[in-house]
Amino acid sequence: MTTTSRPFRSDNPALDNALGQLAGAVQILGYHEGIHETLATPRREINVAVPLRRDDGHVQVFRGHRVQHNVSRGPGKGGLRYHPSVDIDEVRALAMLMTWKCAVVDLPYGGAKGGIDIDPAEHSAAELERVTRRYTSEIMPLIGPTQDIMAPDMGTGEREMAWVMDTYSVNVGHTIPAVVTGKPLAIGGSRGRGTATARGIVHVADAALTHAGERIKGSRVAVQGFGKVGANAAQIFSDEGAVVTHVSDAFGAVRDDDGLDIEALLAHVAAAGSVVGFERGDAVDGASVLTADVDVLVPAAIDSVLTVDNANDVRARFVVEGANGPTTQEADTILGKNGVTIVPDILANAGGVIVSYFEWVQANQTYWWTDAEIEDRLAGRMRSAYAEVAHHAHDHDLTLRDAALVIGVQRVADAHRLRGLYP
Ligand code: NAD
């Protein structure tokens with residue numbers, strides 16, 4: 001971490017943003033510097049070399065990391081990211097966000113994250129399997145069902161989670177499904193995990209609209225990103241009677257003011273690989289989705305897309321953050337001044353980690369729940385977390401983002417206080 005004498009700033013934008021959010025919550029809570037430093041400092045970090053024998057025989061070495069930002073409320077929980085830009089500071093930032101996210105939705109977890117600086121598109125499945133197994137064996141001493149539980153993130157999915165679980169289990173000597181979540185259903189994955197994040201987004205969007213005296217049915221929605229989160233969110237919004245007028249992906253965007261046929265769009269993307277070329281809508285510029293004349297905007301692609309350059313042009317009155325960190329701090333201030341309600345990432349996209357928690361509970365009990373049980377429990381947790389954050393925001397005159405951070409940070413600080421400092 002590049003810091004002054006205290007770990008409160010970083011040259012890495014993602015980490016600096018996370019540290020800035022923590023500093024804001026600490027200031028509101030009136031904590032002294034000792035607690036601030038405890039909360040800003042990751043508990044454990046491991047950096048490993050991940051040598052890969054390529055399919056052509058030569059060896060290439062990648063860098064892998066695992067950071068447990070905080071484990072005061074339970075084991076570390078967080079994804080494994082494969083992306084060329086992964087570095088230790090980005091992993092530290094994402095691990096910190098996981099700590100607050102798990103706390104705000106009251107899961108018995110701390111926050112963790114892992115990553116390898118590899119581009120999965122450049123490698124065969126066999127190479128990715130060797131990388132995943134080597135990384136897992138390098139970080140074995142740190143992970144486990146009661147220590148640190150991995151899940152998919154950008155560039156990884158249920159295939160990688162199956163390899164992590166197998167490598168861990170083979171080394172321990174018996175099958176331990178609870179060491180990862182987001183596994184295939186056939187080896188202990190949970191029903192509803194694939195759509196959980198999107199379903200959670202629609203729950204909190206509905207709660208925010210209802211709070212404002214509006215309804216999801218008939219509301220106009222734009223979605224940036226048409227992957228695991230965005231495509232499922234568009235589908236569920238549409239099923240709930242919302243009119244999804246704009247959708248984009250990395251290659252382009254489509255628009256239909258009468259409402260896109262999401263089923264047909266999904267079929268098109270399955271065949272063509274992108275929303276581009278969809279005939280039952282007009283092709284539009286990807287950036288225009290963020291400033292579309294809609295009620296609800298769901299950024300569900302990458303970070304830092306709502307910035308000082310476009311925040312004043314946003315016409316949606318509700319921004320529900322599906323992606324992690326889609327709004328820069330400057331844009332957050334501008335949108336707030338313009339009266340836009342932002343449901344922050346640590347609350348809005350927590351549906352995924354909630355159903356990951358259900359998967360872990362089911363694996364620990366070896367007793368599997370039905371789709372209806374998962375959906376009911378997810379709805380209950382998302383809606384009660386939203387209500388708690390909205391009440392706190394109202395009572396203390398805070399934005400939903402500050403209220404969510406304050407609740408999350410306070411829960412973690414309380415755990416530290418109650419447990420005391422060893423020795
Ligand atoms: P994904 O890889 O499945 O989909 C990403 C989508 O975004 C793709 O359609 C891609 O084409 C599109 N995209 C990329 N760059 C874009 C750009 N510049 N403009 C428009 N679209 C662009 O990823 P995902 O799992 O859907 O995750 C999306 C975001 O949600 C990430 O920020 C991720 O960290 C966050 N998130 C995901 C989960 C989950 O359960 N998958 C949970 C919490 C948060």
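Just follow the structure's listing: the first ligand is 1, and inside any ligand the first atom is 1. Along the sequence shown, residues carry numbers from 1. Small disclaimer: the values here were computed from a predicted structure and weren't measured.
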The closest protein heavy-atom partner of atom 27 (O) of ligand 1 is V229 CG2, 3.9 Å

- Message: Is there a polar contact between ligand 1 and I302, counting only N or O atoms under 3.5 Å apart?
- Response: no

For atom 36 (N) of ligand 1, the closest protein heavy atom turns out to be G322 O, 3.9 Å

the protein heavy atom lying closest to atom 20 (C) of ligand 1 turns out to be D249 O, 3.2 Å

Polar proximity ligand 1 side, F226 side, N/O cut 3.5 Å exclusive: yes

With E127 as partner, the option from R54, R53, R134 fulfilling salt bridge (charged side-chain N to carboxylate O under 4.0 Å, His left out) is R54

A student checking ligand 1 against A323 at a 4.0 Å heavy-atom cut-off should list atoms 29 (C), 30 (O), 32 (O), 35 (C)

Check: A301 N/O within less than 3.5 Å of ligand 1 N/O: yes

Strictly under 4.0 Å, does any heavy atom of M154 approach an atom of ligand 1? no

The closest protein heavy-atom partner of atom 40 (O) of ligand 1 is T197 OG1, 2.7 Å

Check: Hey, is ligand 1 close enough to S248 that some N/O pair sits below 3.5 Å?
Finding: no

Atom 3 (O) of ligand 1: closest protein heavy atom, distance to 0.1 Å, is K228 N, 2.9 Å

So the atoms of ligand 1 within less than 4.0 Å of a heavy atom of R193 turn out to be 40 (O)

If you compare N349, V355, V269 by their heavy atoms, the one closest to atom 43 (C) of ligand 1 turns out to be N349

### Query
Just checking, any donor-acceptor pair under 3.5 angstrom between side chains of D402 and H396?
no

For the CD atom on Q329, are there more than 12 heavy atoms of other groups (residues, nucleotides or ligands in this structure) within a distance under 6.0 Å? yes

Among non-hydrogen protein atoms, atom 10 (C) of ligand 1 lies closest to A250 N, 3.9 Å

Note: A300, heavy atoms under 4.0 Å from ligand 1, region reported as backbone

Smallest heavy-atom separation, Q235 atom then L266 atom, equals OE1-CD1, 3.0 Å

Are R191 and W368 in a cation-pi contact, defined as NZ or CZ under 6.0 Å from the six-membered ring centre and within 45° of the axis? no

the protein heavy atom lying closest to atom 33 (C) of ligand 1 turns out to be N324 ND2, 4.1 Å

| query | Counting both backbone and side chain atoms, is some N or O of G227 under 3.5 Å from an N or O of ligand 1? | reply | yes

> Is M98 in contact with ligand 1, taking contact as a heavy-atom separation below 4.0 Å?
Replying inline: no

Near Q224 (heavy-atom distance under 4.0 Å), the atoms of ligand 1 are 19 (N), 20 (C)

Practice item. Examine the side chains of Y168 and S137 and answer whether a donor and an acceptor come within less than 3.5 Å of each other. Key: no

The salt bridge (charged side-chain N to carboxylate O under 4.0 Å, His left out) partner of D295 among R317, R215, R220 is R317

